[in-house]
There are 2 protein chains.
Amino acid sequence: MPSATVENYVKKILVLSLDTSEEQVGMGEIAKGLEVAAGTATSMIKTLERERLVRYKSRQGVTLTAKGLKLGMDMLRRHRLVETFLVESLGLDWTEVHQEAEELEHAISEKVLDRLDKFLGRPEFDPHGDPIPTKEGKFAERRIRNLLECQSKKLRTIKLLTDQSTDFLNFARRKGLVPGTSVEVTNRDLISDAVELRVGNKKPFTLGSKAAKKILVSS
Amino acid sequence: MPSATVENYVKKILVLSLDTSEEQVGMGEIAKGLEVAAGTATSMIKTLERERLVRYKSRQGVTLTAKGLKLGMDMLRRHRLVETFLVESLGLDWTEVHQEAEELEHAISEKVLDRLDKFLGRPEFDPHGDPIPTKEGKFAERRIRNLLECQSKKLRTIKLLTDQSTDFLNFARRKGLVPGTSVEVTNRDLISDAVELRVGNKKPFTLGSKAAKKILVSS
DNA sequence: GGCAAGACTTTGATCAATCAAAATGAAATC
DNA sequence: GATTTCATTTTGATTGATCAAAGTCTTGCC
């Protein structure tokens with residue numbers, strides 16, 4: 001079985017490649033991401049390579065193998081299910097559960113994870129709105145996406161706001177952006193990073209990309 | 001913070017001293033209990049001594065300090081609360097949760113543990129009938145005890161059967177020993193290790209000590 | 001092309017936890 | 001009291017994960 005350290009390296013490589021949309025991940029990013037010395041990362045990556053979890057070209061970068069991807073998705077699943085449990089069942093704040101899940105994800109067995117999944121009603125998204133991989137290591141078909149990702153002009157229903165700060169919630173309420181409401185993206189300008197949308201039949205208004213990303217809608 | 005290994009040594013010393021009712025625990029028991037080589041235990045105990053968790057007299061034995069006792073009770077609390085959650089909420093069988101809890105108990109933070117405790121309704125006993133220490137490190141006043149421990153002749157109510165095997169449950173049902181029923185211990189013979197009891201106003205019958213121990217009653 | 005800067009790798013050391021095997025001590029047996 | 005036996009301790013080595021610092025590429029700039 002992989003050690004917690006190995007699991008963390010693989011998970012970090014996966015999220016880095018997901019974030020940057022690059023398969024290959026640089027050694028520096030890994031070291032910085034895991035807060036270890038550069039040399040530590042280099043030597044650890046060599047162990048991962050011996051385990052056939054990654055491919056590694058010296059001074060170029062690291063990519064996950066199929067085996068590594070499987071493990072990485074499994075870790076993501078563990079992490080996000082645990083976060084969901086902590087928020088949904090135990091009532092912790094979604095901003096504080098990351099660190100907790102970081103520890104628990106290594107300690108939870110496949111069996112308990114399955115039961116937890118069932119207990120939570122097989123959720124597809126975690127409290128941050130990120131998709132929870134299935135047991136087979138695939139992301140759920142994105143039925144929910146953030147407003148920035150919506151291109152086609154159709155009506156959508158607001159599902160979740162991923163920023164629960166008082167300021168943001170007040171802003172959203174003022175604009176009528178509360179879960180259950182229908183919205184339509186009337187225009188999208190990727191250069192100015194803005195999204196124009198209409199709530200109900202009120203006058204359309206424009207949202208910055210940062211705010212648009214925090215609003216999850218079902219298509 | 002103590003490592004998982006340190007936590008395991010301290011917990012093992014506590015349960016051994018609880019089991020044997022001896023404060024002092026031998027090095028051999030510790031090594032065997034944790035399945036490590038004898039020398040490993042000796043050297044680890046020295047580290048525990050440096051941390052002021054135990055007192056240690058060479059070739060005599062090990063006792064917990066106040067600090068060690070506190071940590072040990074905390075581990076027991078973690079372990080038993082996690083077991084309770086796995087059985088009560090996730091529906092695992094009480095025979096299979098020990099190993100799971102063994103891992104999780106090291107990964108769970110104080111905060112999450114408190115929430116879990118609350119979520120479970122602050123239980124005082126785990127699914128095996130063992131008392132769950134309070135946050136202050138004390139066992140709950142034993143309001144529930146097994147039939148073997150009952151000396152005074154008063155009516156008691158069956159609370160829990162700690163053996164869930166089909167055979168035992170069938171036997172118990174046949175005898176009317178189901179939770180909620182009133183029973184009275186009419187005689188107790190520690191030499192033959194047997195307990196005579198009466199259920200309702202039926203004819204008294206005798207139970208072996210092993211079976212008596214599996215039946216928990218409130219006094 | 002030459003060279004400086006920054007990214008990456010190598011080297012040598014440390015720390016925690018472990019083992020096997022050798023040394024030591026204490027208790028039980030003769 | 002001497003001896004054997006068994007528990008315990010000591011010793012020396014190993015493994016995984018880490019660091020600091022020294023060494024080596026690569027890139028881009030003049």
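Since we're looking at a predicted model, the values are computed, not measured. A note on names: the letters A, B, ... follow the listed sequences, proteins ahead of strands, and every chain is numbered from 1.
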### Query
Do you see a donor-acceptor pair shorter than 3.5 Å between the side chains of B/E100 and A/S109?
yes
### Query
A/G28 near the nucleic acid: base, sugar-phosphate alone, or nothing, with a heavy-atom cut-off under 4.0 Å?
sugar-phosphate
### Exercise: do B/N8 and B/H106 side chains pair donor with acceptor under 3.5 Å
yes
### Query
Nearest to the side chain of B/T5, which nucleotide is it out of D/dT18, C/dT9, C/dA17?
C/dA17
### Query
Is any side-chain nitrogen or oxygen of B/S3 closer than 4.0 Å to OP1 or OP2 of C/dA16?
no
### Query
For B/R59 and D/dC6, what is the distance between atoms CZ and C1' respectively, to the nearest whole Å?
11 Å
### Message
Measure CD1/B/I30 against P/C/dT18 and give the value in whole Å, please.
### Response
13 Å
### Task
State whether A/T40 places a side-chain N or O below 4.0 Å from either non-bridging phosphate oxygen (OP1 or OP2) of D/dA17.
no
### Task
For the pair B/D114 and B/R77, find out whether any cationic side-chain nitrogen is under 4.0 Å from an anionic carboxylate oxygen.
yes
### Task
To the nearest Å, give me how far apart CD (B/E49) and C1' (D/dT8) are.
15 Å
#### Entry: Between P of D/dG16 and CE of A/M1, the distance in whole Å
15 Å
### Query
Can a side chain N or O of B/Y56 be found less than 4.0 Å away from OP1 or OP2 on D/dT9?
yes
### Message
Measuring to OP1 and OP2 of D/dT9, would you say a side-chain N or O of B/T42 lies under 4.0 angstrom away?
### Response
yes
### Query
B/S58 side chain N/O closer than 4.0 Å to the phosphate oxygens (OP1, OP2) of D/dT9?
yes
### Message
Rounded to whole Å, how long is the line connecting atom NZ of B/K46 with atom P of D/dT11?
### Response
8 Å
### Message
Is there a salt bridge (Lys or Arg N to Asp or Glu O under 4.0 Å) between A/E110 and A/K135? Walk through the geometry before answering.
### Response
CA-CA 9 Å; A/E110 200 58 39; A/K135 215 188 335 186; 5.8 Å; no
#### Entry: d(CE, B/M44; P, D/dT8) in whole Å
18 Å
#### Entry: A/N8 CG to D/dG16 C1', straight-line distance once rounded to whole Å
14 Å
#### Entry: Toward the 5' end of DNA chain D, by each residue's nearest nucleotide, B/M27 or A/A37
B/M27
### Message
Can you measure B/Y9 atom OH to C/dA16 atom P for me and round it to whole angstrom units?
### Response
14 Å
### Donor-acceptor contact present, side-chain B/R115 to main-chain A/L90, <3.5 Å
yes
